[in-house]
Colleague: 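Dumping the structure here so I can ask a few things about it.
For reference, positions follow the sequence shown, starting with 1.
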Amino acid sequence: MTNAISTDISPAAAESARDTLPGALQVAEHVPGQLRTELIETARDAFSQGLQLTATIAAPVMLGLAVLTAVLLRHVHTVAEPQNQPVLNQEEEPACP
């Protein structure tokens, strides 16, 4: 995105345009015609590429963590509650043997 930013833009505005998509769109509001279009397109493309890269990295990591969790927890058994236990009323006291 560095090449798409004109020298007519102040260094602070150029930095803002490089940092975030909203920053680039805000700077684009103050630049003329063709430069505005190029800046918006470049910023959106950069955002999309960053999003795709993040998803490409995150998907295999999440899949790996899911497999690791399944492997580590495969021998853990849950304790089921007994089926024939009577439900006590809150007012009743449990019987002592």
Colleague: Please go through V76's hydrophobic cluster and name the other residues, only I, L, V, M, F, W, Y counting, with side-chain heavy atoms under 4.5 Å joining them.
Modeller: L73
Colleague: Through direct or indirect side-chain contacts below 4.5 angstrom among Ile, Leu, Val, Met, Phe, Trp and Tyr, which residues connect to V67?
Modeller: V71
Colleague: If you group Ile, Leu, Val, Met, Phe, Trp and Tyr whenever their side-chain heavy atoms sit less than 4.5 Å apart, what else falls in with L21?
Modeller: L25, I40, F47, L51
Colleague: Between R44 and E41, does at least one N-O distance fall below 4.0 Å, as a salt bridge requires?
Modeller: no
Colleague: Please list, chain by chain and in numerical order, all residues satisfying side chain to side chain donor-acceptor pair (under 3.5 Å) with E29, sequence neighbours excluded.
Modeller: none
Colleague: Give the minimum heavy-atom separation between A13 and V27, together with the two atoms involved.
Modeller: O-CG2, 3.3 Å
Colleague: Out of curiosity, T20 OG1 to Q26 CD, how far, rounded to the nearest 0.5 Å?
Modeller: 8.5 Å
Colleague: How many angstroms lie between atom OG1 of T69 and atom CE of M62, to the nearest 0.5 angstrom?
Modeller: 9.0 Å
